[in-house]
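Below: one structure, written as structure tokens.
Here is how names work: the chains are called A, B, and so on, in the same order as the sequence lines, proteins then strands, and each is numbered from 1.
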Amino acid sequence: MDFTVAYNAAREALPYMLGGVVWTVGLIVGAMLLGLALGVPLAVLQVYGPWPVRRAVGTYVWLFRGIPILVQMYIFYFGLLSWISALPLFSGLGLDSPFVAAVLVLGLTSSAYQSQIFRGAIQSLPAGQLKAARALGLTDPQAIRSIILPQALRLSIPAWSNEYSILLKDSALAFTIGVVEIMARMRSIASTTHEPVSMTFLAGIIFFVLTWVGVKALNHLESRVRIAGYTRQGAA
Amino acid sequence: MSAENQTPPVLEARALGKTLGGNRVLDAVSLSLPKGCVKVLIGPSGAGKSTLLQCLNFLIPPDSGTILLEGREVNGKSRRELCTLRQNVGMIFQDFNLFDHLSALENVRVALMKVKGMSKLDAGELALAELARVGLQDKAALYPASLSGGQKQRVAIARALAMDPKVMLLDEPTSALDPELIGEVLAVIRDLAQNGMTMIVATHQISFSASLADEFLFMEKGRVIESGSPAELLRRDSGSRTLAFCAKISELSGEGGEAEVLAPECRV
Ligand SMILES: Nc1ncnc2c1ncn2[C@@H]1O[C@H](COP(=O)(O)OP(=O)(O)OP(=O)(O)O)[C@@H](O)[C@H]1O
Ligand SMILES: [Mg+2]
């Protein structure tokens, strides 16, 4: 293998590949936010809800964790979303785009995983926190919002950072339904330039840099919201 | 009937029953806290003291019996009535239960804003005043992790007092403290009692509580089996279960011969 050739090919391909970063980042940010927006209420319902609700959340989590992302992408893109957008009410909203399908699948799956991160954090708080809040006259929703979640979410950030790198990798599956993210671009340019190895390396480097930047940013967030001397009780 | 007899007790419990995990933890316990009185709950571990105190504000909903706040029965199923009850009943826990993510000031302020709907500014001012009352105005900005046990418990007391409760429930407020820190918390509690706060305290601090209490309640196996003024129950020839129990714990805690020095002046 001629390294100069490979290097030049990679350099030429770089701008095109970087164009995929926008889509990849869009997928991850969309999926993380959707996962967060659903994961927090799911966790709260699974801890404090009445038993039928807890069962329903449990089933949801089990379902999304159980079905491979690739299968879900096909179900959503070729099935659910194409049917829904065929309905007059939803036509023309762009719900049949591969990007929407990919964000939904990654976000819903992530919400299942995120809910379990938050649930664990909520349950790791001492029972006295909720008791003390109730004893002061706070309602349960007030106590959950002002006392339980601010602590639980802080404790969740390390595990949540991990979710970022998982999503980053899962997002590469979006090329299968036609999102032109990094993976998709890598494959198409690899076949036109006949430099599959150097293109694969290039994609790997881009993914690695994205992971590094994201984890750094989340570490920064964690130190921003850290509270003097407050660490998880009993954490090793 | 004198006017005094017509004022209902601040808090009253009638025939409270609670079964936990098949155990009869409370067996028809009745209790009345007239305004300004201080009652002390003693008894062996597992007697049901904590359960009783937490039933009084429905942190543990009793299976049977009724709670009356100033003569009016509280419906434990109504969210509004529960919140009213809890605002009027301050509670102090053995392990403080300060909110770990909030500074001392924020700990005191949060319920004022959320429950009483005070503005941040007003709530902050009141919170600072309450911290000053327990001698901690200079610790207002510190988080629980950097406070000593005694300071944490004083913040917890300030947090409860800020709600302007009519009665305070204290569950072993000094049991989790190192011996040298007990005094500062007891001083705050004594101060409260002397200012006429209605209180019920579960404690093993016999000599301290004997000097404050109007009544001792001795609990065992979910029932109050003896009650009376400390002077009466702790008299050397009283032959009471209370005296036997107190003699035992003084021995264990090394407060040798405490029972002998107990001749408390009782404020009635
Ligand atoms: N959730 C529960 N399930 C089963 N049993 C319980 C539960 N909570 C408490 N108990 C039992 O109820 C009894 C009374 O407990 P409680 O904590 O009220 O006692 P206490 O008088 O406060 O004791 P201590 O002096 O140790 O604090 C104990 O025997 C305890 O084991
Ligand atoms: Mg107890």
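By the 6.0 Å contact criterion, CH2 on A/Trp23 is open, its count of non-hydrogen atoms from other residues, nucleotides or ligands being 12 or less. B/Lys114 NZ: 12 or fewer foreign heavy atoms inside a 6.0 Å radius. Under a cut-off of 6.0 angstrom, the local environment of NZ in B/Lys35 is sparse, with at most 12 non-hydrogen atoms contributed by other residues, nucleotides or ligands. Surrounding CZ of A/Arg65 are more than 12 heavy atoms belonging to other residues, nucleotides or ligands, all under 6.0 Å away.
For a residue to count as touching a neighbouring chain, one of its non-hydrogen atoms must lie under 4.5 Å from one of that chain's; by this rule B/Leu98 touches chain A with the backbone only. For A/Ala143, no part lies near chain B; criterion is any non-hydrogen pair under 4.5 Å. For a residue to count as touching a neighbouring chain, one of its non-hydrogen atoms must lie under 4.5 Å from one of that chain's; by this rule B/Phe99 touches chain A with backbone and side chain alike.
The two residues B/Asn57 and A/Ala135 come nearest to each other via the heavy atoms ND2-CB, 4.0 Å. Closest of all the heavy-atom pairs between B/Met163 and A/Leu136 is CE-O, 3.4 Å.
A/Gln142 CD to B/Cys83 SG: the interatomic distance, rounded to the nearest 0.5 Å, is 7.0 Å. To the nearest 0.5 angstrom, B/His101 atom NE2 is 4.5 Å from A/Ile147 atom CD1. To the nearest 0.5 angstrom, A/Lys131 atom NZ is 3.5 Å from B/Gln54 atom CD. With rounding to the nearest 0.5 angstrom, the CZ atom of B/Arg79 is 5.0 Å from the OG1 atom of A/Thr139.
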